[in-house]
Amino acid sequence: ILWFWLILRREKRRPRDLISEISISRDAQGTLLVVLFVVLIVFQFAVVFILYFEAPALDGNIQTVSDAFWWAFTTVSTVGYGDKYPVTNGGRFVGLSLMFVGIALFSVITGTFAQWFRRRQRTPSSTPSADEKTPALQQAGIAEIKQLLERQEETYMHAIAELNAKIAELESELKEGN
């Protein structure tokens, strides 16, 4: 937290200004930045509180700052080697909180990579959706439809001419027969 505060002070900015720049609803990258910030804060609190709960415990195995950092890192990364673990109820609550934060972090990272791969997979040669069509592509589509319409009109006019000729022939045969 101190690190974050120092950066904001150096840049002469308020936390509200920074948060408004990171639009959570914009995309997965903004969400990733926010989640990373939350993870850093929760990680720091977890280190402090795990020491608070575990250091006084007689059977506790998290006794130093180094132990606390190692435990917090393996817990938030969801590795959990098991060499360091909380034995008090308070320490277990801190561990549970850090586990949820680690799961959220890796879910957001996975989503960010999925979005990145999805964007990379789109190529110009693929058929664009209706929203992505450029005016040039739309003009080409209109020209194609006009050509089809002209061919249909020619076919239709030819059929009408043949039918009119057949009607004239039948009328002339009918006049000759009377």
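Residues: numbered from 1 along the sequence shown.
The OG1 atom of T88 lies 12.0 Å from the CZ atom of F93; values are rounded to the nearest 0.5 Å. One distance of note links CD of E144 with CG of L148; it measures 6.0 Å at 0.5 Å rounding. Atom CZ of F49 sits about 10.5 Å away from atom OG of S97, to the nearest 0.5 Å. Taking CG of L40 as the start and CG of L105 as the end, the distance is 9.5 Å to the nearest 0.5 Å. Summarising the geometry, atom CE belonging to M99 is positioned 10.0 Å from atom CZ belonging to R92; distances are rounded to the nearest 0.5 Å.
There is a path of hydrophobic side-chain contacts, each under 4.5 Å, that joins V76 to V65. Connection of V94 to Y85 is not established within any shared hydrophobic cluster, with ILVMFWY side chains joined at heavy-atom distances below 4.5 Å, either directly or through further cluster members. Transitive grouping of hydrophobic side chains (ILVMFWY, heavy atoms separated by less than 4.5 Å) brings I109 and F73 into a common cluster. V48 is not connected to L96 by any chain of hydrophobic side-chain contacts under 4.5 Å among Ile, Leu, Val, Met, Phe, Trp and Tyr, and they are in different clusters. Hydrophobic clustering places L98 together with V38 (ILVMFWY residues linked when any side-chain heavy atoms are closer than 4.5 Å, directly or through intermediates).
The environment of Y52 atom OH is sparse: at most 12 non-hydrogen atoms of other residues, nucleotides or ligands sit within 6.0 angstrom. Few gaps surround CZ on F43; more than 12 heavy atoms of other groups in view lie less than 6.0 Å from it. Atom CD of E162 has more than 12 neighbouring heavy atoms from other residues, nucleotides or ligands inside a 6.0 Å radius. Environment of CG in N89: sparse, with no more than 12 heavy atoms of neighbouring residues, nucleotides or ligands closer than 6.0 Å.
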Quick one, N164 with I160, criterion side-chain contact (heavy atoms from CB on, under 4.5 Å). Give me CA distance, side-chain angles, the key distance, then yes/no.
CA-CA 6 Å; N164 281 333; I160 287 176; 3.5 Å; yes
Trace of the side-chain contact (heavy atoms from CB on, under 4.5 Å) decision for W70 with Y81:
CA-CA 10 Å; W70 176 251; Y81 287 120; 3.4 Å; yes
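In this structure, the side chain of E54 does not engage the main chain of N61 through any donor-acceptor pair within 3.5 Å.
Of the N and O atoms on the side chains of E154 and H158, not one donor lies less than 3.5 Å from an acceptor on the other residue.
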